[in-house]
Amino acid sequence: MLSSLQLVPPAAVIHSAVRAAAPPLTLALTRALTSTTRRIASQAPRAIHNSTPRLHPRLAIPPTSHHPPKIPGYRRLETTNTLSPFFSSNQPPLGDLPSSTSSWRPPPPSSLDERPVLIIGAGSIGRRVALIWASNSRPVTLYDVSDDALKSATEYLTDNLGEYCAARGTHPGHVYTTSNIRVATTTGRHESAPPPSCPAEEAELESGSKGPWLAIECLPENLSLKVDVLSLAEGYLPLDCIICSNSSSLMTSEMIKYGDNELQYPERLLNTHYFIPPRNRMVEVMSSSKTNPKIFPFLTDQMENVGLRPMVVPPGVQSPGFIFNRIWAACKRETLEVLSEGVARPEDVDALFRDFFHAEKGPCERMDEVGLDTVYKVGKHNLERSRDLGGGEALKWLKKTYLDRGMKGERTGDGLYTREERAELKMKHRLEKWKEVEETQGASQRGFTNHHHIPKKLNKCIMSSESKTFPFPIPTSITGGCLCGSVRYRVTFPPDHDFLRFSQTCQCTQCRKQTGSLFFAEHVIAPASTAFTLTNKENPTLKHYSTSPKAYRWFCSNCGSFLYWQPLDNEKDYICLAVGSIDQVYLVGGENDEGVPKEGYGLALVGGGGEHLFCQNEIKGVTDDIPLLGRKRGTRVMDGGESA
């Protein structure tokens with residue numbers, strides 16, 4: 001396999017460096033952020049090798065104060081406003097903005113190509129937000145105190161950034177990772193960049209003119225932690241940098257002053273609540289009650305440029321939980337009540353939810369996905385805000401039954417669902433995506449149009465994970481060979497052969513060149529050592545060719561027929577058989593003496609339910625919208641991993 005960094009196009013190489021020592025952070029920041037990110041980093045599939053930094057000495061020295069001087073004449077105005085359905089009586093409504101807010105000016109558009117977006121926190125959401133902002137050829141800096149979390153985030157970006165950009169038709173920008181808060185907040189330079197070579201470069205470095213234009217904190221739901229970090233970062237960031245919190249429940253109006261910390265520039269602070277990007281691209285945007293109104297049109301325009309869909313809470317409104325989370329909080333609260341009272345099991349609740357709302361997942365599966373610890377913290381915070389909400393006993397049940405036993409959802413394996421139950425659900429979701437929506441109205445609104453319909457036989461294909469039964473005929477064996485007949489083979493399928501998953505296509509350059517086709521249909525045969533047999537006594541015309549040291553591509557040297565490709569790793573006992581080389585009777589059926597059903601085995605051999613490789617090579621308007629190639633089923637892959 002290629003390394004993760006090799007899988008990314010050259011323009012999207014993720015720069016990562018061994019981190020220089022960060023300036024002193026609060027104990028709360030170090031403990032909470034490190035413990036949170038260590039859990040996520042433990043899931044990293046492989047390590048990233050980092051280069052030794054050459055950090056300019058000035059960048060490692062924190063300023064004498066974490067806070068810039070206050071703006072002269074700054075004052076906070078406490079005013080009243082008409083209550084709205086979103087208004088919280090515990091928070092003052094949005095009044096007149098301080099006169100000093102007029103000092104903020106949007107950064108010049110030309111500077112955004114050089115100045116990064118800073119993401120504080122490389123956890124499961126931070127890395128996803130970084131992916132979105134790096135998708136438009138613009139730089140992103142990802143900061144975290146944990147080297148392991150940064151490595152894990154780099155793996156995620158390496159595997160997903162190219163695919164997201166290909167889907168949007170954009171180019172990825174550079175992503176820099178650092179654990180030095182001074183570097184993250186004051187420059188757009190990579191830590192391994194050489195020191196300034198002239199006084200002009202040094203002055204530019206000191207001025208912070210290439211520092212972030214946007215900073216987004218993606219830290220755990222802990223008000224003290226968030227305020228500690230924001231007050232620290234605020235002292236380093238350029239004066240025109242917009243500061244955002246991705247909190248799912250805490251309002252930035254609560255962060256302006258908390259304990260001994262007070263933000264000096266609340267006019268640059270606001271909530272931007274992301275959900276689970278890039279799958280969900282909606283972002284809720286809400287004022288801190290002091291936010292400069294000029295920020296909203298500028299920031300929402302930039303969000304739309306990277307494919308986000310901002311939803312702005314109206315000016316003058318403060319809404320705990322913003323928009324969706326207020327609705328979602330009620331759903332979570334009642335779901336936990338139902339579970340704690342023994343009314344239903346998680347699978348019962350989710351089944352009802354999916355059936356009624358035509359949703360992919362139910363609330364229990366979603367809570368496992370978010371993390372039961374986060375669900376508990378948010379629920380507890382909501383209860384502290386409004387004691388009359390109820391649900392306190394259900395939260396105690398959640399803590400005792402799951403959290404105290406280390407069961408926090410997907411991150412730890414078990415939660416409301418066990419790891420095995422969740423794997424079965426994911427398989428079920430994948431198969432259900434193939435079913436055609438057969439309602440008289442509204443089907444097209446869910447993404448199905450007449451010319452995108454999948455063949456009805458495959459739409460009805462529901463495979464039991466235990467029995468592996470199929471509603472179409474499947475072969476026990478097939479034969480095939482080259483055009484001239486010099487090379488012949490037989491395949492004997494094992495009883496548990498997965499005809500759906502092993503039906504694949506590829507659009508890599510090698511397959512196109514060798515077959516002369518725009519895409520190559522293949523069927524994985526495993527284990528090849530027992531399932532695949534060459535039936536001719538001698539095969540002098542069977543030759544192989546390789547464009548890489550990882551695999552052989554086998555063909556007939558007499559007629560040129562491409563037959564299969566095979567990895568050279570002895571531990572990988574499979575071949576990818578060219579479906580076109582299978583004898584016609586097995587593919588199309590018809591009248592025959594081979595015992596093949598009249599309709600043949602075509603759906604089993606080339607149904608397209610598996611992976612569709614190298615989709616970055618799709619030809620727009622030609623191979624980018626063919627149902628067989630994974631638009632409506634199967635798994636679209638932007639890189640095939642092993643090129644032959």
Side-chain angles (χ1 to χ4, degrees), residues 11-12 101-121 125-143 157 160-161 164-165 167-176 184-188 208-218 230 233-234 237-247 252 265-288 290-315 322-323:
T101 60
S102 61
S103 63
W104 183 86
R105 294 288 185 273
S110 59
S111 70
L112 303 185
D113 293 332
E114 296 182 352
R115 297 179 60 182
V117 171
L118 169 62
I119 310 298
I120 302 174
I125 297 299
R127 64 188 65 181
R128 291 170 176 269
V129 175
L131 180 146
I132 294 289
W133 283 104
S135 68
N136 226 30
S137 302
R138 289 181 176 174
V140 166
T141 298
L142 187 57
Y143 166 78
L157 291 163
N160 294 280
L161 180 56
Y164 180 69
C165 291
R168 295 190 60 239
T170 60
H171 295 284
H174 291 286
V175 178
Y176 303 133
T185 52
T186 58
T187 77
S209 62
K210 294 295 179 67
W213 66 270
L214 174 66
I216 308 167
E217 69 83 4
C218 299
L230 289 177
E234 182 192 50
L237 290 167
L239 291 176
D240 62 351
C241 180
I242 302 168
I243 304 173
C244 302
S245 171
N246 180 55
S247 174
T252 48
Y265 299 114
E267 68 274 9
R268 294 190 280 148
L269 178 68
L270 71 158
N271 282 99
T272 54
H273 175 226
Y274 299 77
F275 293 91
I276 306 179
R279 184 185 68 196
N280 305 112
R281 301 183 192 176
M282 300 291 289
V283 184
E284 295 173 323
V285 181
M286 188 174 76
S287 167
S288 69
K290 304 292 183 180
T291 310
N292 189 314
K294 296 178 183 178
I295 286 177
F296 292 97
F298 172 78
L299 183 57
T300 54
D301 282 347
Q302 298 304 318
M303 287 179 168
E304 291 170 354
N305 288 341
V306 294
L308 295 169
R309 297 179 59 192
M311 186 72 65
V312 181
V313 175
F322 321 117
I323 304 170

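These values consider heavy atoms only, across backbone and side chains, with no hydrogens, waters or symmetry-generated copies. All residue numbers refer to positions in the sequence shown, counting from 1.
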Practice task
Enter the distance from Leu239:CG to Glu234:CD here, rounded to the nearest 0.5 Å.
Solution key: 9.5 Å

Practice task
Could you tell me which residues satisfy side-chain hydrogen bond (donor to acceptor under 3.5 Å, both in side chains) with Asn246, sequence neighbours excluded, listed by chain and number?
Solution key: none

Problem - Partner residues of Asn305 under the side-chain contact (heavy atoms from CB on, under 4.5 Å) criterion, sequence neighbours left out - result: Asn136, Gln302

Practice task
Spell out, as yes or no, whether a donor-acceptor pair under 3.5 Å connects the side chain of Arg127 to the backbone of Leu157.
Solution key: no

Practice task
Measure from the side-chain N and O atoms of Ser111 to the backbone N and O of Pro107, and report whether any donor-acceptor pair falls under 3.5 Å.
Solution key: no

Practice task
Taking all heavy atoms of Gly307 and all of Arg281, pick out the closest pair and write down the distance.
Solution key: O-CD, 3.3 Å

Handout entry: side-chain contact (heavy atoms from CB on, under 4.5 Å) between Met311 and Val285, worked out
Key = CA-CA 6 Å; Met311 186 72 65; Val285 181; over 6 Å; no

Handout entry: Close side-chain approach of Ser135 and Pro172, heavy atoms under 4.5 Å
Key = no

Handout entry: Validation row: Arg128, Pro278 side chains within 4.5 angstrom (heavy atoms)
Key = yes

Exercise for the section: Go through the structure and list residues passing ring-ring contact (aromatic ring centres under 6.0 Å, His included) with Phe275, not counting sequence neighbours. Expected result: His273, Phe324

Exercise for the section: List for me each residue that meets side-chain contact (heavy atoms from CB on, under 4.5 Å) alongside Ala184, sequence neighbours excluded, and say none if there are none. Expected result: Leu118, Thr141, Tyr143, Thr178

Problem - Side chains of Leu299 and Thr272 in contact at under 4.5 Å (non-hydrogen atoms) - result: yes

Exercise for the section: Look up atom NZ in Lys210 and atom CZ in Arg115, then write down how far apart they are to the nearest 0.5 Å. Expected result: 10.0 Å

Handout entry: Residue pair Val283, Met303: steps toward the side-chain contact (heavy atoms from CB on, under 4.5 Å) verdict
Key = CA-CA 9 Å; Val283 184; Met303 287 179 168; 3.9 Å; yes

Handout entry: Contact check, side chains of Pro310 and Glu284, non-hydrogen atoms, under 4.5 Å
Key = no

Handout entry: Spacing of Thr170 atom OG1 and Leu161 atom CG [to the nearest 0.5 Å]
Key = 8.0 Å

Fill in the blank from the handout: The complete set of salt bridge (charged side-chain N to carboxylate O under 4.0 Å, His left out) pairs with one or both residues in residues 297-312, sequence neighbours excluded, reads none

Practice task
Grab the two heavy atoms, one from Ala134 and one from Val175, that are nearest each other, plus how far apart they are.
Solution key: CB-CG2, 3.7 Å

Exercise for the section: Using the side-chain contact (heavy atoms from CB on, under 4.5 Å) rule, take Leu142 and Tyr176 through it: C-alpha gap first, then chi angles, then the decisive distance, then the call. Expected result: CA-CA 6 Å; Leu142 187 57; Tyr176 303 133; over 6 Å; no

Problem - Check ion pair Asp113-Arg138 (N to O, under 4.0 angstrom) - result: yes

Practice task
Using the test ring-ring contact (aromatic ring centres under 6.0 Å, His included), find all partners of Trp133 that sit at least two apart in sequence or belong to another chain.
Solution key: Trp213

Problem - Interatomic spacing from CD1 in Ile120 to CD1 in Ile216 - rounded to 0.5 Å - result: 9.5 Å

Practice task
Write down the atom of Ser287, the atom of Leu270, and the distance for their closest heavy-atom approach.
Solution key: CA-CB, 4.4 Å

Handout entry: Ile295 CD1 to Arg268 CZ distance, which is reported to the nearest 0.5 Å
Key = 8.5 Å

Practice task
Decide yes or no for Val140 and His174: does some side-chain heavy atom of the first lie under 4.5 Å from some side-chain heavy atom of the second?
Solution key: no

Practice task
Identify whether the distance between the nearest side-chain nitrogen and carboxylate oxygen of Lys290 and Glu267 falls below 4.0 Å.
Solution key: no

Exercise for the section: Compare every heavy atom of Cys244 with every heavy atom of Ile242, then report the nearest pair and how far apart it is. Expected result: CG2-SG, 3.9 Å

Handout entry: Distance in Å, Asn280 CG paired with Tyr274 OH, rounded so as to fall on 0.5 Å steps
Key = 13.5 Å

Practice task
For residues Val306 and Ile132, report the shortest heavy-atom separation together with the two atoms involved.
Solution key: CB-O, 3.6 Å

Problem - side-chain contact (heavy atoms from CB on, under 4.5 Å) evaluation trace for Tyr265 with Leu237 - result: CA-CA 11 Å; Tyr265 299 114; Leu237 290 167; over 6 Å; no

Completion exercise
Closest non-hydrogen contact found for Thr291 with Ser288 is OG1-N, 2.8 Å

